[in-house]
Amino acid sequence: MKFHDLTIQEIRQKLRSGVLTSVELTQACLARIKATDDRLNAFITVCEEEALAAAAVADQQLAAGDTGLLTGIPVAVKDIFNTLDIRTTCGSKILANYVSPYDATVVAKLRQQGAVIVGKLNMDEFAMGSSSENSAAGVVRNPWDTERVPGGSSGGSAAAVAAGQVVATLGTDTGGSVRQPASHCGVVGLKPTYGRVSRYGVVAYASSLDQVGPVAGNVEDCALMLGVVAGYDPADSTSVDCPVPDYLENLKDGVAGKKIGLPKEYFIAGLDPDIKRAVEAAIETYRQLGAEIVEVSLPHTDYSVACYYLIAMAEASSNLARYDGVRFGLRKDIGKGLTGMYQQTRTAGFGDEVKRRIMLGTYALSSGYYDAYYLKAQKVRTLIRHDFLAVFEQVDLLLTPVAPTPAFKIGEMVNDPLQMYLSDIFTVPINLAGTCGLSLPCGLSAGGLPIGLQLIGKPFAEADILQAAYAFEQATDWNARVPKL
Amino acid sequence: MKISEKDVEHVARLARLTLEPADLTIMTGQMDALLGYVEKLNELDTEGVEPMAHAVPMSNAFRDDEMKPPIGIERALQNAPAAAAGCFKVPKIIE
């Protein structure tokens with residue numbers, strides 16, 4: 001069965017009318033995973049039994065007239081989300097056997113709407129990476145070219161949707177980890193505004209930047225998924241108590257009369273020529289759709305990567321102090337006392353990239369260096385946020401590339417961390433500013449790899465960028481392209 | 001050099017990590033390159049700029065002090081590497 005060309009709303013229609021059952025659909029997903037995942041490695045855990053049981057329940061509910069937004073729809077979540085009684089490894093050896101005693105709020109919300117959770121998706125360890133190569137469960141491969149990375153850190157979340165293994169997924173985005181893999185895999189991924197979605201039960205990486213975001217095959221599904229997970233959660237005191245709009249309501253209103261800004265710092269020399277061409281074509285499409293295009297400036301863009309990595313690494317070093325071999329996770333103890341146990345556990349449990357970030361973060365926070373590094377980065381962050389707030393006085397949304405190149409080859413950048421970090425230049429500023437952004441397909445490279453377009457919205461204006469994305473998707477056929485697997 | 005192998009060893013101790021000599025050299029080189037790169041921020045005058053800790057302006061989040069059912073000892077200990085008598089068991093701390 002193929003559902004690439006069906007929206008969630010269309011699948012729901014089929015489920016409700018009885019043309020299709022959730023058990024059939026779930027079995028089709030499981031079969032697709034079996035047929036493709038030896039090549040992709042998008043899943044860390046597939047919960048076949050639990051999924052089929054949930055599908056059977058969904059079929060009963062559908063027969064009884066249930067109207068859950070996702071009743072019977074097979075989805076999967078990044079292995080960073082705690083799932084009750086299903087292993088949550090976060091792509092790390094240190095959590096290889098961790099089984100959460102509770103569901104993350106967003107997982108509970110998926111279940112409340114009747115979603116069938118098929119499994120847990122592969123990722124860079126602790127969400128640290130831009131390629132999904134840093135996973136204890138092995139490298140994830142891009143469905144468009146299995147010699148290439150799917151992007152990261154939510155590489156499994158994007159690859160699984162692109163390959164038609166499930167209908168939609170959840171990922172997390174700290175510096176581009178939903179948008180960049182969505183771009184590399186030719187699917188739609190959204191990073192909501194900081195505070196829009198609860199992070200309760202989401203393994204923490206950099207707490208002032210982390211946000212949960214949906215990945216889907218089309219804009220409408222992405223909007224629907226956001227509606228399911230968004231909202232204030234008393235269990236997450238950083239979630240914001242403001243009403244969640246119906247993201248489907250004005251989705252089809254178009255972009256006529258909207259002002260779209262092109263930040264000139266994002267259209268620099270060195271941008272891959274295929275990406276430049278695809279993004280320029282997208283700008284032309286928006287012009288034809290009646291949007292007004294204006295050039296704007298985000299003057300501190302060039303400082304974003306340095307600012308981002310200092311803040312993210314400092315927060316990571318603090319967050320990951322909890323992996324000490326005491327309450328959960330791996331323990332290595334060869335009888336050298338408590339400190340020895342901490343050291344052995346952490347040295348054996350963390351991968352290279354995680355260690356590198358903990359080390360840099362620890363250094364940036366250590367006595368004598370705090371002001372020079374962490375505090376300085378926090379001040380620069382204020383300047384970056386002000387850039388965005390000032391620009392949003394002039395325009396409704398911003399349009400930029402997502403990544404400077406299409407998906408690169410597996411292994412190509414592993415020995416050059418700084419080069420890898422620099423590839424996040426177009427995505428990290430949005431996390432620093434705390435606003436929202438999405439990636440949607442806007443072309444293919446000469447080599448046949450997907451290219452993503454980034455739309456950036458005002459804080460809490462996810463509806464605006466979804467609306468603009470929908471208009472583009474309807475006007476072009478990029479979204480209809482799927483990888484041959 | 002922004003950072004020496006001796007500094008990196010000290011940071012590793014603070015972070016409760018152990019680095020083999022070969023890894024220490026690699027880590028020092030990579031940290032040095034990154035610390036060199038982030039120097040870039042010093043091009044900016046941030047005198048008088050407020051540091052930003054969060055994207056959402058908020059100070060304290062309060063809730064009512066109400067009892068909720070706890071998770072229970074069995075659930076709390078289900079992932080413990082070692083447990084005994086309803087407690088987490090750790091290596092001896094005081095000799």
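Lettering of chains follows the sequences in order, A, B, ..., and the numbering in each one begins at 1.
- Of all heavy-atom pairs between A:His300 and B:Leu44, the closest is CD2-CD2, 3.7 Å.
- Contact of A:Tyr373 with chain B is made through the side chain alone, with heavy-atom distances under 4.5 Å.
- Across B:Ala33 and A:Leu418, no two heavy atoms sit closer than the pair O-CD2, 4.3 Å.
- Side-chain N or O atoms of B:Thr18 include none that pairs as donor or acceptor with a backbone N or O of A:Thr347 at under 3.5 Å.
- Annotation: maximal heavy-atom pairing with chain B below 4.5 Å, among A:Tyr194, A:Tyr102, A:Tyr342, occurs at A:Tyr194.
- Options A:Gly335, A:Gly434, A:Ala306 differ in how many heavy-atom pairs under 4.5 Å they form with chain B, and the most are formed by A:Ala306.
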Verdict with supporting geometry, A:Lys379 and B:Asp45, salt bridge (Lys or Arg N to Asp or Glu O under 4.0 Å): CA-CA 10 Å; A:Lys379 290 180 174 180; B:Asp45 180 5; over 6 Å; no

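- Between the side chain of B:Asn79 and the backbone N or O of A:Ser100, no donor-acceptor pair lies under 3.5 Å.
- Between the A:Thr382 side chain and the B:Val49 main chain, no donor and acceptor come within less than 3.5 Å of each other.
- For B:Gln30 (side chain) and A:Arg356 (main-chain N/O), no donor-acceptor pair under 3.5 Å exists by modelled atom type.
- Residues A:Ser237 and B:Ala61 approach most closely at CB-CB, 3.5 Å, considering heavy atoms.
- Contact of A:Thr345 with chain B is not made at all, since no heavy-atom distance falls under 4.5 Å.
- Only the side chain of A:Leu422 has a heavy atom closer than 4.5 Å to any heavy atom of chain B.
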Using salt bridge (Lys or Arg N to Asp or Glu O under 4.0 Å), reason through A:Asp302 and B:Lys40 one step at a time and then give a plain yes or no. CA-CA 9 Å; A:Asp302 199 28; B:Lys40 208 178 159 55; 2.9 Å; yes

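- A:Val240 touches chain B through its side chain: at least one heavy atom from C-beta onward sits under 4.5 Å away, while N, CA, C and O do not.
- Residue A:Asp241: no heavy atom, backbone or side chain, is found under 4.5 Å from chain B.
- Remark: the backbone N or O of B:Ala15 is paired with a side-chain donor or acceptor of A:Arg346 at under 3.5 angstrom.
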